[in-house]
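Below, each value reflects all heavy atoms present in this structure, side chains not excepted, and no hydrogens, waters or symmetry copies. Per chain, numbering begins at 1; letters A, B, ... match sequence-line order.
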Amino acid sequence: MDRTFKLEDLAREADVSPRTVRYYVQRGLLPAPAFRGRDTVYTEDHLNRLKAIRKLQEQYLPLDAIAAEMGQKRPEEILERPAPRPIPSVRGERWTRYEIRDGVEIHVRDDVATSVGNLASELAKLFDQGGPYR
Amino acid sequence: MMTSCLRVPGGRDVPLRGVEVEGDVFGGHAHVRVRQRYQNDERKPVEAIYTFPLPSDGTLVGFSMTCDGRKIEGVVKEREEAFASYDDAVHDGHGAALLEQERPNVFTASVGNLLPGEETLIEICYVQKVQADEGALRVMIPTLVAPRYIPGTPSGDRTADGREAPTNRVPDADRITPKIGEVDYGLKLTLTFDLGQNVEVESPSHELSLAREGGKVRASLRRGDVALDRDVVVTARGVDKGPMKTVALHRDGDEGIVALTVVPDLGGGGEPPRQDVVFVVDTSGSMAGDSIGQAQAALRLCLRHLREGDRFNLIRFSSGHKALFRETKPFTQRMLDEADDWARNLIADGGTEMLAPLLEAIDQVPDGVVVLLTDGQVGNESEILQAALAKRKTARIYTFGIGTNVSDALLRDLAKQSGGAAEFIHPGERIDEKVVAQFARATARRVTDVAVSWKGIEASELAPNELLPIVDNEPWTLYGRVRGRTGEAEIRGKLDGKPFYLAVPLDLERAKAEPLLGKLWASERVRDLGVEGLTGRRADRMKGRIVELGVKYGIATPFTSFVAIETRTGDRRASGYPETRVVPVNAPAGWDMMKQPRRAKVTGQFLSLGVTAFGRPPAMGRAPAAPMPMMADAPPPAVTAKGGGGLVGAVKAFFGGGGDALSMNEDRYAGIAREDATPSDPITPILQAQLASGLWGPADARDAVLAAETAAAMWKLLDAGVRATHPVHGALVKKAVRAALALARRVKGDAAELLRSLAWLLSEGKRDRAAIAAELPAPPDDVRLIARVHELLAVVHPH
């Protein structure tokens, strides 16, 4: 028999607030449990999903991307998959820094700079259109 | 055009159809009802979530949901408990509505199981204090939770769909940043001013249609449905000053809640003391457009209210901050010029890191005055408030809320809790009046170390808990729980170092009944019981007391929410969770961040003061205007000599005809300032050219030259009817009069007599005038003195 959880217990187990659980249900990241008043329970699957969401968040994925990922894979698959490792830097590579806004830079390795073209300026434009940030 | 950020695939409708606001404005307070109309045009039930603003100084007193012909009143519960009731009801297929307070001025309404085709009405009622100041009263109704700056690094989990993710410094950023999208709901608004007389009602923000009904004025938006993209500001002028002392009571069993309001007349105290002032200006991206120009104009006017001997500094901030001087500097002409240049070159761009510059300002003047100019659009309000209050010794913070969308909560709290004051400037409103009001308050006499004792009446649980200073002419209110019938409240404190005493008789049997007083008292208590900065058990205890007050008195607080539930059966009962529709909001009006290039240089400059409608001079044969060489780089006064009539004739026309009719008609002067703006405003250039000392002329000129130029400028002010009693420019005229009298002691002869004569003509009050008259060769008289001034002017300033 699968473990079941009251909302508070599930939230504690997954280290999120009950309000966050509710929010994920709203967003479609978690299926809604069947309503049984005070006896409403969540399942092991809910817990796994919450853990998978947490793992994807640690990889700095936004919620929309997480939703897409969760739509394609079972939570167990996500949990088992190793996290991507940071790319080690290679000596002697030349990089150019572009400031696209005060405090925001992108770095482009020189040997791909031509193929990337004017990515930096495109990004800068996007920043301008994407406001309001403040 | 930004695309909708809504999670509404396939462009389905937003269920919010419209917002209607109706308010009754009485002397002292306004009752306002906000109705949100929802309709679901989809095939299945949905839940709507709408993040919207209310004024931060309002007290929420009612919440209801009406659907299918039934109105269900909300009840107040502890926040998470209220949410659970709502969530369970919605999950179980019933109808429910929840109102949560995110900030004193940001609320979230969740309305669940909106049934297909059915209309649901949510009504929110609040009471707001509105205080007439100098006969004018201002009602501001926010319409939009505008994008605000969220400091900190991402941290924590979302509980809502806001544009910003939670950060370590704003853990609920996702709850206060509604997404901007396409909006097809609008606003209807009607305010009824019941002020018992014929007041003049105007709006700088919207076109109004006005109707008088008996003694009331009904003001509604001329256009039926306007965009919710800017504050609605409505002002009423000609409001009587309320009584100096009022006592209102709400009976609560054998106890009562009393509100005691005093508008003290502490009298003028001679020359105000020297001041240390640091101006802190928000130059973040959200100030781009009109706002930065207004801030610049306000700043330059503020600078002109400083006097020689004051010390000052300016700090601008966006993502970082920078001060003009390393420490405060004495206010001199050279410093004023530097400050003007600095203000002229402000550019709005970047973040809103307000905390560090505010603390630096307080650090520079721990016992002085900080003037903060901002739109208040930040998410870390309580962090800033707590740090600023902890840092100040007796420093007072005066705030200017600037722009079409101002977040008022932080500005009001900083001002109120530091003993300062807040003013708000919507585009089109007169900046000068507000600057004058703030400086009048900053230099007004005040009673400090205030304590109250009660005779014949038992009083407890006072709010505010820490009594605020009593400022001359500003209403001072104290709430408390009382027992007894008649007695006295004895207010004691210190005024200019001497003991102050005021006894207010209390006759609770005959006090004005005010049924909402319980709620107002409770909400004032809640404001006192902030939990910021507390942790562990103390925080829990504080929270417990807030919840208790919220639930008992039925008010929304950070820890209590309103919830209304309609139990449904049969066809109207839904199954399973509804899908959620987040209501998008407009982009704020006047924000050019969306369209304009990032480095767009701000064009708002001091001369855009056109919005501030300076007075038109009285129609009269104008005296020949003396050229004013020192204003070479200022725009020349647009009004030039029209000749005709000669001076004395002009003077007679000006003062109302015959020599005997020279009584100074104050109303007439007061009226001048309210006339429409005219492009040919002769006053602005004169006042802009006034030196830091209060005189006119090249700053380094000899006394004789200063005397001549000052006399010429004062003559022009007199000619335009701008005297010491002028409602707007009075302070600058007084400064000129004082400086002229001091100069007269140095220059002797004709120039001295000329300056003294002009000082007498421009000044006000028997005592001031008598002091000046003592130094004049003959007892003054308006007509003779004006003729004499004309003679002397020809000698001293022969141009």
The reported gap from CD1 in A/I53 to CG in A/L61 (rounded to nearest 0.5 angstrom) is 12.0 Å
Residues that B/D540 engages under side chain to side chain donor-acceptor pair (under 3.5 Å), provided they are two or more places apart
none
Listing request: all salt bridge (charged side-chain N to carboxylate O under 4.0 Å, His left out) pairs with a residue in residues 28-40 of chain A, at least two apart in sequence or in separate chains.
none
Pairs touching residues 149-158 of chain B that satisfy salt bridge (charged side-chain N to carboxylate O under 4.0 Å, His left out), sequence neighbours left out:
A/R54-B/D157
Examine whether an atom of B/A165 lies under 4.5 Å from a heavy atom of chain A, and if so say whether it belongs to the side chain, the backbone or both; otherwise answer neither.
neither
Would A/E69 and A/K73 count as a salt bridge (Lys or Arg N to Asp or Glu O under 4.0 Å) here? Give the steps.
CA-CA 6 Å; A/E69 189 84 0; A/K73 298 196 178 69; 3.4 Å; yes
Are there residues of residues 92-99 of chain B whose heavy atoms fall under 4.5 Å of chain A's heavy atoms? If so, which?
B/D92
Below 4.0 angstrom, N of the basic side chain to O of the carboxylate: do A/D9 and A/K6 qualify?
no
SB check B/R581 B/D161 (cutoff 4.0 Å):
no
Looking at B/E47, B/H91, B/E80, which has the largest count of heavy-atom pairs under 4.5 Å with chain A?
B/H91
With chain A as the partner, which of B/V378, B/T159, B/D87 has the greatest number of non-hydrogen pairs under 4.5 Å?
B/T159
Given the options A/G37, A/P33, A/P62, A/A34, which has more heavy-atom pairs under 4.5 Å with chain B than any of the others?
A/P33
So, the part of A/R19 with a heavy atom under 4.5 Å from chain B: the answer is both
Answer with side chain, backbone, both or neither: which region of A/V25 has an atom nearer than 4.5 Å to a non-hydrogen atom of chain B?
side chain
Do you know which two heavy atoms are closest between B/R169 and B/G152, and how far apart they sit?
CD-CA, 3.9 Å
